[in-house]
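Just so we're on the same page: letters track the sequence lines, and every chain starts at 1.
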Protein chains: 2
Amino acid sequence: MASPTSLPSSPPAGSAAGANIEPSDKPGRAKRLPREVRERQILDAAVTVFSQHGYHGASMDEVSEVAGISKPMIYAYLGSKEDLFSACIHREATCLLEAIVAGIHPGQPADVQLWHGLRSFFGFVGEHRESWRVLHRQSLAQGGPFTEELMSMRQRAITLVAAVLVRTGNDEGVGHAASRSGEALAAALVGAGESLADWWLDHPQESADLIAVRLMNLVWMGFGDLVEDRVWKPPAEPAEPAAQP
Amino acid sequence: MASPTSLPSSPPAGSAAGANIEPSDKPGRAKRLPREVRERQILDAAVTVFSQHGYHGASMDEVSEVAGISKPMIYAYLGSKEDLFSACIHREATCLLEAIVAGIHPGQPADVQLWHGLRSFFGFVGEHRESWRVLHRQSLAQGGPFTEELMSMRQRAITLVAAVLVRTGNDEGVGHAASRSGEALAAALVGAGESLADWWLDHPQESADLIAVRLMNLVWMGFGDLVEDRVWKPPAEPAEPAAQP
DNA sequence: CGACTTACCTACTCTGGAGTAAGGCTACGT
DNA sequence: ACGTAGCCTTACTCCAGAGTAGGTAAGTCG
């Protein structure tokens with residue numbers, strides 16, 4: 001049966017684009033390669049398989065087959081299945097954050113920095129859909145120790161965004177209400193970005209830039225309204241909801 | 001080990017709140033009950049277990065234990081594990097949609113109808129976190145035939161929202177640009193709601209109404225800006241937005 | 001009271017898949 | 001050449017968990 005994702009399979013984030021060793025069809029022995037290279041191949045394969053079947057659904061046999069290597073190598077290099085999954089999450093999260101940081105140039109106004117950060121983020125997700133799938137969706141679906149790795153990444157992202165917001169704070173970029181609670185705003189923005197990227201997985205026809213512009217609009221204009229106190233209020237009612245955000 | 005979700009466990013959506021038969025500690029035979037009741041109990045247990053461990057991670061033995069009944073009963077009444085999971089999704093999706101529909105009163109202005117729909121939605125998710133978790137997160141994590149059930153629900157929700165937007169269309173509620181593409185707007189709103197609810201799973205300290213107000217603000221004011229052509233534009237740049245870095 | 005239906009159970013079978021033991025092959029140093 | 005370090009494999013063990021066979025209690029209708 002065909003894979004449910006019929007998109008052209010983008011490579012996981014850590015794979016070296018240049019030196020791809022095609023495994024010979026010879027069923028016997030694989031060519032000897034240094035450990036470093038094999039580990040990367042194994043992680044690539046693991047990301048692919050995990051993103052398709054989820055943690056429990058994936059089998060180490062399939063990972064080994066996709067990696068073009070036998071199963072004991074995986075255990076020798078990366079440890080148990082749980083370790084392997086953690087390693088995947090860690091590598092992909094690191095790559096993602098590096099990509100975002102690389103896109104931001106300090107000194108520019110806040111909205112420009114934010115725009116570049118968002119473009120980098122969605123660009124990464126677009127080019128490494130498997131990575132994002134395993135990073136966000138699959139690691140969330142397993143409630144276990146994997147979530148911590150993700151939470152750590154999220155926290156680093158929030159700190160990064162908050163720094164962007166606050167550093168250029170008292171300019172015209174962000175109002176005083178925003179700079180007072182930069183962390184909270186950053187959390188909201190990061191959450192929105194994650195969710196939007198997740199939604200994007202199921203609507204791949206949109207372009208990365210379009211997605212980024214949309215979020216930028218929503219956040220920048222939306223928050224602008226909120227700062228200017230242009231809030232929509234619920235109609236007066238017997239049961240009173242909580243006060244404004 | 002303790003469950004990762006330390007929240008007070010809310011009952012799944014289909015459970016009858018009143019007639020809860022406590023299974024006697026007698027390890028032997030359970031009290032004879034009509035099939036209808038048992039099926040509901042089994043489904044309740046299944047939602048709980050699936051929401052905690054995911055589809056693959058859950059075991060039929062645990063479901064049977066939580067349901068207070070032996071495993072063959074599950075197979076006799078609900079069929080295979082796959083069937084059971086599908087039944088869960090179907091039941092929860094139906095309950096959710098019914099809750100939303102019940103909250104909407106036609107004839108009111110669009111924003112009020114939307115507001116009530118959102119409140120019903122987030123109210124449901126808040127009271128049945130397990131249901132939402134299995135409905136959205138777990139069914140998305142398994143790419144298989146389960147997604148269809150979810151897509152069907154999403155489509156019904158989009159149609160519902162689009163009807164609300166269009167029916168009250170040429171009033172002051174929604175601009176002409178909106179009523180022209182009500183379906184697309186509805187899709188965006190539903191997607192935003194889903195994502196926000198999913199985000200909410202990980203931030204349970206917020207109240208349902210606060211979440212609903214936030215989304216309402218973002219959507220209503222945000223779309224208002226868009227309709228009035230107040231869009232944020234990316235800065236002029238050497239590299240065109242379409243090209244990749 | 002039997003006869004019959006329906007709810008319910010214990011105690012299995014069997015397969016998929018995690019993890020391992022034990023040993024071959026290859027490259028490089030000397 | 002020849003040892004040794006490290007890459008790589010076949011061929012297992014073993015267990016969790018899906019699904020079932022076959023039998024027992026408890027109501028219900030004549």
Side-chain angles (χ1 to χ4, degrees), chain A residues 1 19 21-43 45-46 49-50 52-88 142 144-146, chain B residues 1 19 21-43 45-46 49-50 52-88 142 144-146:
Chain A
M1 58 178 172
I21 283 88
E22 205 59 31
S24 68
D25 290 344
K26 196 73 151 297
R29 234 168 172 72
K31 188 149 190 298
R32 264 175 88 98
L33 286 177
R35 175 173 183 148
E36 196 183 336
V37 177
R38 281 285 181 233
E39 281 190 358
R40 205 151 15 97
Q41 289 180 347
I42 293 171
L43 283 176
V49 175
F50 280 135
Q52 280 174 2
H53 308 302
Y55 175 69
H56 288 287
S59 81
M60 298 296 270
D61 284 282
E62 186 175 355
V63 173
S64 76
E65 193 180 352
V66 171
I69 206 164
S70 67
K71 200 166 45 154
M73 295 305 299
I74 302 180
Y75 284 92
Y77 285 166
L78 276 312
S80 70
K81 187 183 187 183
E82 206 171 309
D83 294 337
L84 179 61
F85 192 62
S86 283
C88 288
Q142 326 304 328
F146 309 122
Chain B
M1 58 178 172
I21 283 87
E22 205 58 32
S24 67
D25 291 343
K26 197 72 153 296
R29 237 168 169 72
K31 187 149 196 298
R32 265 176 86 100
L33 287 177
R35 174 172 186 150
E36 196 183 336
V37 177
R38 280 285 182 234
E39 282 190 356
R40 204 148 20 92
Q41 289 181 346
I42 293 172
L43 283 175
V49 175
F50 281 135
Q52 280 174 1
H53 308 302
Y55 175 69
H56 289 287
S59 81
M60 297 296 268
D61 284 284
E62 187 176 352
V63 173
S64 75
E65 193 181 352
V66 171
I69 206 165
S70 68
K71 201 166 46 155
M73 295 305 300
I74 303 180
Y75 285 91
Y77 286 167
L78 276 313
S80 71
K81 188 182 187 183
E82 205 171 310
D83 294 337
L84 179 61
F85 192 61
S86 282
C88 288
Q142 327 304 327
F146 308 122

Between the base of C/dT6 and the side chain of B/Arg35, is there a donor-acceptor distance below 3.5 Å?
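Flag unset: no donor-acceptor pair detected.
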
Want to settle it: does B/Pro72 or B/Pro34 sit nearer the 5' end of DNA chain C, counting the closest nucleotide to each?
B/Pro34

Side-chain donor-acceptor contact under 3.5 Å, B/Ser80 with B/Asp83
yes

Could you check which of C/dC9, C/dG17, C/dT26 has an atom nearest any side-chain atom of A/Asp61?
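Looking only at heavy atoms from C-beta outward on A/Asp61, the closest nucleotide is C/dG17.
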
Mind calculating the distance between [atom1] ([X]) and [atom2] ([N]) to the nearest angstrom?
X	N	atom1	atom2	result
A/Lys71	D/dC7	NZ	C1'	18 Å
B/Phe50	D/dG17	CZ	P	13 Å
B/Ile42	C/dC9	CD1	C1'	14 Å
B/Met60	C/dG16	CE	P	18 Å
B/Lys31	C/dC8	NZ	P	10 Å
A/Glu62	C/dA18	CD	C1'	15 Å
B/His56	C/dT15	NE2	P	20 Å
B/Leu33	C/dC9	CG	P	10 Å

[X] versus [Y]: any side-chain heavy-atom pair under 4.5 Å?
X	Y	result
A/Val49	A/Glu65	no
A/His56	B/His53	no
B/Glu36	B/Tyr77	no

Please tell me which of B/Tyr55 and B/Arg32 maps to the more 5' nucleotide of DNA chain D, matching each residue to the nucleotide holding its nearest heavy atom.
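Closer to the 5' end of DNA chain D: B/Tyr55.
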
Nearest-0.5 Å distance that lies between atom CD1 in A/Ile42 and atom NZ in A/Lys71:
13.0 Å

Let me confirm one number: the CG-CZ distance from B/Leu78 to B/Arg38, rounded to the nearest 0.5 Å.
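Here the rounded value is 13.0 Å.
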
Enumerate the residues from residues 74-87 of chain A whose closest heavy atom to DNA chain C is under 4.0 Å, giving them by residue number; use none for an empty result.
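Nucleic-acid contacts, sorted: A/Tyr75, A/Ser80, A/Lys81.
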
Over all strands shown, is B/Met73 touching base, sugar-phosphate only, or nothing at heavy-atom distances under 4.0 angstrom?
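If one applies the 4.0 Å heavy-atom cut-off, B/Met73 turns out to touch a base.
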
Touch check for B/Ser70, heavy atoms < 4.0 angstrom, all strands: base, sugar-phosphate only, or nothing?
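If one applies the 4.0 Å heavy-atom cut-off, B/Ser70 turns out to touch a base.
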
Parallel, tilted or perpendicular for B/Phe85 and B/Tyr55, by the 30°/60° rule?
tilted

